[in-house]
> 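Can you read through this structure? Questions will come right after.
Residue numbering restarts at 1 for every chain, and letters A, B, ... go by the order of the sequence lines. These values consider heavy atoms only, across backbone and side chains, with no hydrogens, waters or symmetry-generated copies. Bear in mind that the values here come from a model prediction, so they are computed numbers and not experimental data.
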Amino acid sequence: MPRANDEAAAALREYADLFALSGGDAFRVRSYQKAAKAVAGFAQDLTPDNVRTVPGVGDAIAKKITQFLKDGSFRQLDDLRAKIPDGVRQLTRVPTLGPKTAIMLFETYGIDSPDALAEAIAAGRLAGVKGLGPKSLTKLLKGIEQLRQNAGKVHIGVAMSMAEQVIAALSDSADRIDYAGSLRRMKDRIGDVDILAVAPPSIMAEFRAQSYVTEVIAGGDAKTSVMTTEGLQIDLRVVPAESWGAAMQYFTGSKEHNVALRERAVKKGWRLSEYGLFDGEDVLAAAEEKDIYAKLGMQYVPPPLREGIGEVEAAVRGELPLVVELSDLVGDLHTHTDLTDGLASLADMVAAAADRGYAYYAVTDHAPDLAMQRMTLDKMLRQREELRQLQRRYPKLRLLHGTELNIGPDGSVDWPGDVLADFDVCVASVHSHFDQPREEMTRRFITACENPNVDIIGHPTTRKIGRREPVDADWDAIFQVAARTKTIMEIDSYPDRSDLPVDLVRLAKHHGVKFSVDSDSHAIPHLAYQRFGIGIAQRAWLTVDDVVNTWPLTRLREFIGRDH
DNA sequence: GCCGTTTTCGGCCCGACTGTTTTCAGTCG
């Protein structure tokens with residue numbers, strides 16, 4: 001992943017937020033937001049020479065980015081940072097609280113953080129404020145509570161990209177270096193990143209000097225903890241080369257998995273620690289993680305399965321499932337282009353898909369009910385024709401013309417039935433009315449599942465990690481229907497969605513539901529997000545039989561009833 | 001601030017929902 005792009009995009013997003021808070025023109029705010037998105041989704045690494053070719057970047061923003069690439073910031077950003085406390089920007093992360101309210105609260109009441117806001121509401125200081133009635137204040141308190149629960153955690157996309165950045169920066173100074181912890185177990189929310197290295201002590205100084213380090217929390221020869229610009233803690237540990245495998249095992253966890261492993265060692269009269277597996281003074285295994293599992297007389301347990309939920313027992317019996325791997329995927333069934341809210345053209349997305357070696361690839365732009373996307377029947381048909389033309393260039397890649405439908409409050413979807421029947425695949429997703437009562441929401445999903453033209457339910461819970469809670473529905477009932485109607489549940493790999501979440505994947509599998517691990521790409525770099533969806537699938541013990549886009553196209557077509 | 005089968009100004013994805021308003025502002029997708 002191109003890091004300079006991500007950092008520049010973050011700076012532009014921050015600038016857009018601060019610019020909005022300072023009362024800046026809404027259209028200019030949108031220009032910065034648009035540019036940030038385009039920069040993050042730009043397929044090449046950003047340089048002063050190509051920055052002007054990013055769509056949505058004109059002379060003014062190009063100048064800011066160029067300065068950012070050189071100095072790690074730009075003047076206008078520094079100015080606004082000095083004027084508006086970071087806490088005021090944090091205020092806008094409270095759901096239903098936007099820039100207008102945030103700046104009013106700051107300027108009129110001196111409220112400069114979500115905590116200060118909670119305090120002011122509790123103290124009654126905001127009673128009777130114009131525009132903020134009792135219902136609004138209650139909502140704000142609830143939003144602040146949500147924010148607190150997510151505090152200190154980031155989604156896996158942020159953590160992975162930080163970890164890879166650290167490893168890339170330090171790998172020349174280390175014999176071995178890798179990430180462990182919950183990140184290696186592919187959890188969707190990460191509290192801190194654990195990195196292990198076999199390296200001389202001087203690596204610690206190098207680590208502390210990295211540009212993204214904002215604070216050194218603890219610094220010794222064996223372990224250094226820092227806080228980063230993303231608000232994410234990173235621990236770097238130097239471990240002896242001879243106990244690398246034991247250390248990786250120990251620091252990958254989970255705690256419950258390690259307890260089960262140590263119990264097994266004790267039963268054999270041995271001892272397992274982060275330094276190795278020992279029989280008295282004798283080292284049985286230590287340098288390689290795989291040797292530890294082998295010596296303990298069990299199958300190797302892939303990190304995403306290490307949750308202490310029966311995997312140790314299964315591995316001892318030799319009954320661990322052969323979980324699905326990233327390399328098993330032969331297609332992607334949910335992607336966008338710039339015809340709706342994607343960044344790249346159809347031709348560019350398809351070319352990138354072909355590079356990834358897929359057997360099939362579905363283009364699924366939004367349908368007319370998401371009015372903001374301005375989709376029309378005519379546009380859709382023209383896209384289909386363009387796709388058919390492109391198909392001639394890619395004999396090995398089967399291009400599928402699909403759509404991402406909008407599931408309305410009553411469970412109906414957009415486009416008439418005869419139009420739907422002509423698509424190769426239909427994803428259907430909820431994009432609004434997230435607060436329906438549980439019964440209505442359940443009926444809504446069941447209606448969608450029972451629609452014969454709906455093949456896949458996209459990002460089913462619609463959660464956004466740290467920003468939006470999952471919708472409330474009776475998933476047990478929905479999955480029963482989905483299994484009967486052969487409606488596929490999506491594992492949306494976009495890391496802040498990570499949707500379905502693991503526990504619901506397990507529940508759905510229990511009912512016999514099949515899954516599609518899709519990227520939901522809105523830009524070329526997003527195609528690689530499937531690795532996160534595979535992490536979810538592995539954590540739920542899914543095999544290739546559970547995941548439809550590991551199947552040959554003929555089997556997939558037959559399953560969704562589009563084989564005529 | 002960006003962009004141009006509107007060529008250098010005048011638009012900029014549009015609509016709905018919510019709570020509060022008595023006609024609408026703010027927020028969200």
> Whole angstroms only, please: what is the CE-P distance between Met104(A) and dG26(B)?
9 Å

> Between Asp59(A) and Arg52(A), is the closest basic N to carboxylate O distance under 4.0 Å?
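A salt bridge is present here (some side-chain N lies under 4.0 Å from a carboxylate O).
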
> Charged N to carboxylate O below 4.0 Å: is that the case for Glu164(A) and Arg531(A)?
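Yes, this pair counts.
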
> When you measure from the side chain of His431(A), which nucleotide among dG29(B), dC12(B), dC3(B) comes out closest?
dG29(B)

> With a cut-off of less than 4.0 Å, is there a side-chain N or O of Arg28(A) near OP1 or OP2 of dC12(B)?
no

> Nearest to the side chain of His433(A), which nucleotide is it out of dC3(B), dC17(B), dT27(B)?
dC17(B)

> Atom CG of Asp59(A) and atom P of dG4(B): how far apart are they, to the nearest Å?
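Rounded to the whole Å, the gap is 13 Å.
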
> How far does the C1' atom of dG4(B) sit from the matching atom of dG15(B), given to the nearest Å?
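After rounding to an integer number of Å, I get 27 Å for this pair.
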
> Is there a side-chain contact between Ser136(A) and the phosphate of dT20(B), meaning an N or O under 4.0 Å from OP1 or OP2?
yes

> When the P atoms of dG26(B) and dT20(B) are considered, how many whole Å apart are they?
14 Å

> For the side chain of Arg468(A), counting heavy atoms from C-beta on, which of dT27(B), dG29(B), dG1(B) is nearest?
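Within the option list, the nearest is dG29(B).
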
> Ignoring backbone atoms, test whether Lys130(A) places a side-chain nitrogen or oxygen under 4.0 Å from the OP1 or OP2 oxygen of dT21(B).
no

> Is there a side-chain polar atom (N or O) of Arg374(A) under 4.0 Å from OP1 or OP2 of dC14(B)?
yes

> Taking the minimum atom-to-atom distance to the side chain of Thr101(A), which one of dG1(B), dT27(B), dC13(B) wins?
dT27(B)

> C1' atom, dG1(B) versus dT8(B): distance in rounded Å?
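Nearest-Å result for dG1(B) against dT8(B) at atom C1': 14 Å.
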
> Checking side-chain polar atoms at under 3.5 Å, does Gln149(A) have a donor or acceptor matched by the opposite partner on Glu469(A)?
no

> At less than 4.0 Å, is any side-chain N or O atom of Arg467(A) found next to OP1 or OP2 of dC28(B)? Yes or no.
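No, no such contact exists.
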
> Work out how far the P atom of dG19(B) is from that of dC13(B), and round it to whole angstrom.
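Roughly 29 Å separates the two P atoms.
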
> Salt bridge check, Arg382(A) against Asp378(A): does any charged N sit closer than 4.0 Å to a carboxylate O?
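A salt bridge is present here (some side-chain N lies under 4.0 Å from a carboxylate O).
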
> Please tell me which of the listed nucleotides, dG29(B), dC12(B), dT20(B), lies nearest to the side chain of Phe27(A)?
dC12(B)

> Nearest to the side chain of Ile61(A) - dG1(B), dT27(B), dG19(B)?
dG1(B)

> Could you state the NE2-C1' distance from His366(A) to dG29(B), rounded to the nearest angstrom?
10 Å

> Can you check the Leu132(A) CG to dA25(B) P distance for me, whole Å?
16 Å

> For dG19(B), what is the paired nucleotide under Watson-Crick or G-U wobble rules, both distances under 3.5 Å?
dC24(B)

> Any Lys/Arg nitrogen of Asp546(A) or Lys509(A) sitting under 4.0 Å from an Asp/Glu carboxylate oxygen of the other?
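Yes, this pair counts.
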
> Contact class for Leu97(A) vs. all strands (heavy atom < 4.0 Å): base, sugar-phosphate, or nothing?
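Sugar-phosphate, backbone atoms only, no base.
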
> Check every strand shown and say whether Lys64(A) touches a base, only sugar-phosphate, or nothing at a heavy-atom separation below 4.0 Å.
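Sugar-phosphate, backbone atoms only, no base.
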
> Using the P atom as the point on both nucleotides, what is the distance between dT7(B) and dC12(B), in whole Å?
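So the two P atoms sit 16 Å from each other.
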
> How far, in whole Å, is dC14(B) from dT6(B) if one measures between their P atoms?
16 Å

> Could you tell me whether Asp499(A) and Arg463(A) make a salt bridge, using a distance below 4.0 angstrom between a side-chain N and a carboxylate O?
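The answer is no: the pair does not qualify as a salt bridge.
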
> For Glu119(A), does the CD atom have more than 12 heavy-atom neighbours from other residues, nucleotides or ligands under 6.0 Å away?
no

> Let me know the distance between CZ of Phe434(A) and C1' of dT27(B), rounded to the nearest Å.
13 Å

> For Thr96(A), answer base if it contacts any base atom (sugar-phosphate contacts may also be present), sugar-phosphate if it contacts only those atoms, and nothing otherwise; contact means non-hydrogen atoms under 4.0 Å.
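Sugar-phosphate: the residue Thr96(A), judged by heavy atoms under 4.0 Å, touches backbone atoms but no base.
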
> Could you check Val129(A) against Ala102(A) and say which one's nearest nucleotide on DNA chain B is further toward the 5' end?
Val129(A)

> Once you round it to whole Å, what is the distance between P of dC28(B) and CG of Asp369(A)?
22 Å

> Let's see if you can work this out: which of dT27(B), dG1(B), dC3(B) has an atom nearest to the side-chain heavy atoms of Lys100(A)?
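Looking only at heavy atoms from C-beta outward on Lys100(A), the closest nucleotide is dT27(B).
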
> Nearest-Å distance, CG (Asp341(A)) to P (dC13(B))?
13 Å

> Separation of Leu91(A) atom CG from dG26(B) atom P, in whole Å?
16 Å

> What contact category does Pro134(A) fall into here, base, sugar-phosphate, or nothing, at under 4.0 angstrom with non-hydrogen atoms?
sugar-phosphate

